[in-house]
**Q** 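Take a look at this one; I'll ask things after.
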Amino acid sequence: MTLDEFRHEMNEYRRDAKKDADAFKDPVLVFERMQALYRKFDAAERRMADQVIAEWLSSANEALRFEACILTTELNIVSAVPALEELAKRLPSMRGPGAPSELKAVHRAITELKEGHRSDEAEG
């Protein structure tokens, strides 16, 4: 499967999960389903999923960025740190009402991923 095909599949899966979450009025459902899907992936699929989730951090859709930010920390996607850092640079110029709290979440994610990565290196 190519990255484009994989990206399409992940976007469709997320869209379906979001639709169900909205129907059940359960926003956590999206995270649960995306995490469950990710955990089924083999190493090559996880690398592609990591790339797609990092791409979501560049989205104009605030909800998608928020979900991606949470997924990066919950799934320990250290490779998404550069995308998070880029988002942190862009957020101060965004006018959305959620931008200040999103920026805090992004900084927290960066810190958690970097600290987690450092402790993983120390153990290894």
**Q** Calculate, to the nearest 0.5 Å, the distance between atoms CZ and OH belonging to F31 and Y38 respectively.
**A** 16.0 Å
**Q** Please step through side chain to side chain donor-acceptor pair (under 3.5 Å) for the pair N61 and W56, ending with a clear verdict.
**A** CA-CA 9 Å; N61 181 324; W56 289 349; over 6 Å; no
**Q** Tell me, please, which residues at least two apart from D22 pass salt bridge (charged side-chain N to carboxylate O under 4.0 Å, His left out).
**A** K18
**Q** Are R108 and T73 packed together at the side-chain level, in the sense that at least one heavy-atom pair is separated by less than 4.5 angstrom?
**A**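 When only atoms from C-beta onward are counted, T73 and R108 do not touch, as no gap falls below 4.5 Å.
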**Q** Hydrophobic clusters here meaning ILVMFWY residues chained together by side-chain heavy-atom distances under 4.5 Å, can you tell me if L87 and I110 are in one?
**A** yes
**Q** Mind checking what makes side-chain hydrogen bond (donor to acceptor under 3.5 Å, both in side chains) contact with E102, not counting sequence neighbours?
**A**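 Partners of E102 by the side-chain hydrogen bond (donor to acceptor under 3.5 Å, both in side chains) criterion, ordered by chain and then number, come out as R65.
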**Q** Could you state the interatomic distance from OG (S101) to CG (L91), rounded to the nearest 0.5 Å?
**A** 9.5 Å
**Q** Stepwise, does the side chain to side chain contact (heavy atoms under 4.5 Å, CB included) test hold for M94 with E62?
**A** CA-CA 10 Å; M94 293 183 173; E62 184 178 349; over 6 Å; no
**Q** Check the pair D4 / R7 against salt bridge (charged side-chain N to carboxylate O under 4.0 Å, His left out), numbers first and verdict last.
**A** CA-CA 5 Å; D4 284 339; R7 181 184 298 111; 2.4 Å; yes
**Q** Taking a hydrophobic cluster as the set of Ile, Leu, Val, Met, Phe, Trp and Tyr residues connected by side-chain heavy atoms closer than 4.5 Å, whether directly or through intermediates, do L37 and L71 fall within one such cluster?
**A**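 Yes: a chain of side-chain contacts under 4.5 Å links L37 to L71.
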**Q** Verify the cluster assignment for V30 and V52: are they in a single hydrophobic cluster under the rule of side-chain heavy atoms below 4.5 Å apart?
**A** yes
**Q** What distance do R90 atom CZ and E85 atom CD have between them, rounded to the nearest 0.5 Å?
**A** 13.5 Å
**Q** Do M48 and V78 share a hydrophobic cluster (ILVMFWY, side-chain heavy atoms under 4.5 Å, transitive)?
**A** no
**Q** Sequence neighbours left out, what passes ring pair (Phe, Tyr, Trp, His ring centres under 6.0 Å) with F6? Give chain and number order.
**A**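 By the ring pair (Phe, Tyr, Trp, His ring centres under 6.0 Å) rule, F6 matches F41.
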**Q** Taking all non-hydrogen atoms of both residues into account, name the closest pair between A88 and V106 and its distance.
**A** CB-CG1, 3.9 Å
**Q** May I ask whether L75 and Y13 are part of the same hydrophobic cluster, defined by side-chain heavy atoms of I, L, V, M, F, W, Y residues being less than 4.5 angstrom apart, directly or through others?
**A** yes
**Q** From L113 CG over to I77 CD1, what is the distance, rounded to the nearest 0.5 angstrom?
**A** 8.5 Å
**Q** Would you please test R33 and D16 for salt bridge (charged side-chain N to carboxylate O under 4.0 Å, His left out) and show each step?
**A** CA-CA 10 Å; R33 289 198 181 164; D16 290 344; over 6 Å; no
**Q** Got E67 and I70 here, is their nearest side-chain heavy-atom distance under 4.5 Å?
**A** no
**Q** So does D42 get a backbone contact from the side chain of E45, meaning a donor-acceptor N/O pair under 3.5 Å?
**A** yes
**Q** Report the distance from atom CG of L84 to atom NZ of K114, rounding to the nearest 0.5 Å.
**A**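 Reported to 0.5 Å precision, the distance equals 10.0 Å.
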**Q** Kindly say whether A109 contributes a backbone atom to a donor-acceptor pair with the side chain of E112 at under 3.5 angstrom?
**A** no
**Q** Could you check R39 against R46 for side chain to side chain contact (heavy atoms under 4.5 Å, CB included), going step by step and ending with a plain yes or no?
**A** CA-CA 8 Å; R39 288 187 173 96; R46 282 189 182 190; 4.0 Å; yes
**Q** Go through the steps for M10 and I53 under the test side chain to side chain contact (heavy atoms under 4.5 Å, CB included), then give the verdict.
**A** CA-CA 9 Å; M10 277 196 64; I53 292 168; 4.0 Å; yes
**Q** Please lay out, stage by stage, how E86 and L57 fare under the test side chain to side chain contact (heavy atoms under 4.5 Å, CB included).
**A** CA-CA 9 Å; E86 185 60 36; L57 292 166; over 6 Å; no
**Q** Return the minimal non-hydrogen interatomic distance between A83 and A54, and the atom names on each side.
**A**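 So the minimum-distance heavy-atom pair works out to CB-O, 3.7 Å.
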